Amino acid sequence: MKTNFRRLSVAAFVVTLAVLILTALPPAPQVEATSSAPEAWRLAPPAPKISEAERLAELAKRRQETMKRMGDKAIMVLFSTEPRIYTFDVDYHYRQENNLYYLTGINQDGAALVLIPGAKKAREILFVPKRDPRRETWTGRMLSSDDARQRSGVQEVWDMSLLNGFLATLAPKAEAAIAKRGPVSKPNAELLAQWQTEFQTFIEAANKDQAEIYLLTPQGRDLREYRHEHEFAENLKATNAGLKLRSAHPIFAELRLVKSPWELKLLQHAADITAEAFHRVFAVASPAMFEYEIQAEFEYTFKRRGADNWGYPCIVGAGANATTLHYITNQEPLDNGSLLLMDCAAEFDHYTADITRTIPINGKFTKEQADIYRIVYDAQTASINRVRAGNVVGAVFDPASNTKSVQGVTAEIIKDGLFKLGLITSKDNNEFRHWYMHGSSHWIGMNVHDVGDYRTPLAPGMVLTVEPGIYIRPDALDWLPKTPENERFIQAVRPAFEKYKGIGIRIEDDILVTTGDPVNMSASIPRKLEDVEATMARLKQELRKSGWPQAAMR
């Protein structure tokens with residue numbers, strides 16, 4: 001039984017930041033998973049720990065760095081995520097908006113953070129809803145002001161009912177737009193005088209139409225995540241509010257791109273939990289199982305090890321389903337002789353891994369499967385080696401002469417392999433995109449596709465995926481436009497296509513940029529073909545002989 005109580009209530013900066021944190025970064029062996037060698041049972045270690053003093057100091061530093069990029073005549077308003085409806089009066093599990101969590105560590109809905117760099121003292125104000133005994137009866141204890149202060153380190157914690165009146169005091173011309181958010185409660189004379197003195201710099205700028213307001217307005221047409229911010233911004237635009245609208249996204253794209261030592265520990269733990277889940281699947285995957293049973297092994301392990309959730313819906317594609325990039329139906333049986341592509345990862349304390357492996361369901365790759373697998377493996381290995389400070393993520397179409405591009409070398413090796421197999425007729429055009437249609441790398445962090453400028457040179461503390469793949473969809477040739485050029489291509493590649501159709505392979509790992517060699521944070525999950533087969537055989541034998549190890553059952 002559940003009641004819905006919502007109805008009741010760049011490059012230059014990165015290099016500089018990398019230098020600043022360089023000495024604080026943990027050396028590669030401490031960040032990397034305990035061992036890169038396959039072993040019988042890979043179990044996640046205990047969750048990383050941080051002292052309260054260190055945690056609060058990191059949050060405070062993030063808020064300070066944010067305000068440095070705003071100016072004294074600006075404010076930033078961050079709203080908590082609105083609860084998402086699963087159906088009717090049932091919500092999805094609540095997950096806080098990333099940037100609000102990044103600055104406060106607060107995971108409660110109905111909160112807001114206001115940053116005012118030009119204030120005399122109260123430069124950070126956290127607004128939280130008043131505790132509601134009736135709501136708490138149904139859904140649990142809410143944060144008190146003291147709780148929020150202790151959790152976030154923000155000393156000024158105010159009742160949420162004051163927010164609209166506070167914003168209207170800061171920018172009187174914007175009151176009509178603010179009122180569309182909800183009632184504007186006027187402060188009493190004493191409080192009004194305090195606010196006018198404390199925030200004089202911003203108020204004067206707003207009265208002269210020189211003030212700025214930073215909001216997380218949507219970056220495209222999709223309004224689902226930032227609908228509230230979009231509506232507020234549109235209302236401000238429609239009035240002579242005295243405020244210039246600024247997007248807060250570029251600020252967080254800079255700050256979140258280079259991870260702190262603590263963030264790296266969280267990411268590593270998410271990868272370690274995911275590694276345990278993959279080892280479980282290596283042990284149990286067999287013909288006659290169903291994709292949803294494999295998904296269950298992942299999600300069971302995530303919850304057992306204290307993960308928040310998965311970082312994205314689990315992709316478990318058997319056979320030809322592996323040729324669908326984001327296949328999430330997960331209902332089909334696992335057939336003997338087919339492959340199983342699994343793109344699943346845990347999220348721990350708002351940080352998600354992103355890992356993929358493709359394995360033979362019966363434990364042995366066929367020759368055709370191995371042909372494709374080795375191309376993908378070689379492309380990934382070469383790309384990982386490019387993940388070094390000073391190089392760039394680059395683009396799939398970067399020429400071979402660009403020796404700094406991570407994605408460029410991926411494409412070159414895939415093109416070479418496909419050409420040798422007869423699946424393309426030339427390495428000098430885009431035919432390879434029929435079989436490799438995505439990029440090989442993206443940032444990870446609080447989002448599985450995290451924020452950051454891909455033109456930024458790689459620097460220590462950045463984390464990105466390397467995930468090449470080849471997908472020979474059974475109907476791929478049928479959907480090509482009927483042109484003379486395509487007809488010649490189809491005729492040329494048809495023999496190889498018939499040989500390899502239905503094979504989909506992707507290998508994905510999470511790679512940390514360091515001052516030296518790249519660190520594979522998910523290296524404990526076998527990826528070399530021979531290691532995959534050997535690990536599956538060994539784990540299956542161990543499971544038949546001794547069952548699950550006691551530690552894996554805790």
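In this text the structure is predicted, and so the values were computed from the model without any measurement.
Between Asp132 and Arg141 there is no salt bridge, since no side-chain nitrogen of the basic residue lies less than 4.0 Å from a carboxylate oxygen of the acidic one. Using a 4.0 Å cut-off between charged side-chain N and carboxylate O, Arg69 and Glu65 make a salt bridge. Taking 4.0 Å as the cut-off between side-chain N and carboxylate O, Glu156 and Arg149 do not count as a salt-bridged pair. A salt bridge links Asp343 with Arg506; the closest basic N to acidic carboxylate O contact falls under 4.0 Å. Using a 4.0 Å cut-off between charged nitrogen and carboxylate oxygen, Glu212 and Arg246 count as a salt-bridge pair. Salt bridge status for Asp450 with Lys259: present, with a side-chain N to carboxylate O gap under 4.0 Å. Between Arg280 and Glu297 there is a salt bridge, since at least one side-chain N of the basic residue sits less than 4.0 Å from a carboxylate O of the acidic one. Between Glu175 and Lys186 there is a salt bridge, with a side-chain nitrogen of the basic residue lying less than 4.0 Å from a carboxylate oxygen of the acidic one.
More than 12 heavy atoms of other shown residues, nucleotides or ligands fall within 6.0 angstrom of atom CG in Leu192. Atom NZ of Lys173 has more than 12 neighbouring heavy atoms from other residues, nucleotides or ligands inside a 6.0 Å radius.
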Walk me through whether Leu215 and Ile213 qualify under side-chain contact (heavy atoms from CB on, under 4.5 Å). CA-CA 6 Å; Leu215 296 171; Ile213 180 169; 4.2 Å; yes

Go through the steps for Phe252 and Thr66 under the test side-chain contact (heavy atoms from CB on, under 4.5 Å), then give the verdict. CA-CA 8 Å; Phe252 292 110; Thr66 301; 4.0 Å; yes

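Using bins of under 30°, 30° to 60° and over 60° for the plane-to-plane angle, the ring pair Phe282/His279 lands in the parallel bin.
Side-chain N/O atoms of Asn520 and Asp510 include no donor and acceptor closer than 3.5 Å. At a cut-off of 3.5 Å, with distance as the only test, a side-chain donor of Thr381 or Arg527 sits close to an acceptor on the other residue. Side-chain N/O atoms of Tyr101 and Asp349 include a donor and acceptor closer than 3.5 Å.
Counting only distance, with no hydrogens or angles, the side chain of Glu124 and the backbone of Val114 share no donor-acceptor pair below 3.5 Å. Without hydrogens or angle criteria, Arg63 side chain to Leu103 main chain gives a donor-acceptor distance under 3.5 Å. No donor-acceptor pair under 3.5 Å is formed between the side chain of Asn391 and the backbone N or O of Val387. Between the side chain of Glu97 and the backbone N or O of Phe79 there is no donor-acceptor pair closer than 3.5 Å.
Looking at Ile355 and Ile525, their side chains come closer than 4.5 Å, going by heavy atoms from C-beta outward.
Cation-pi geometry between Arg62 and Tyr102 is met: the NZ or CZ atom falls under 6.0 Å from the ring centre, inside 45° of the normal.
In this structure, Tyr214 has its ring center at least 6.0 angstrom away from the ring center of His249. With ring centers used as reference points, Phe166 lies under 6.0 Å from Trp195.
Atoms CZ and CD1, on Phe348 and Ile273 in that order, are 6.0 Å from each other to the nearest 0.5 Å. The CG atom of Leu267 lies 10.5 Å from the CD atom of Glu347; values are rounded to the nearest 0.5 Å.
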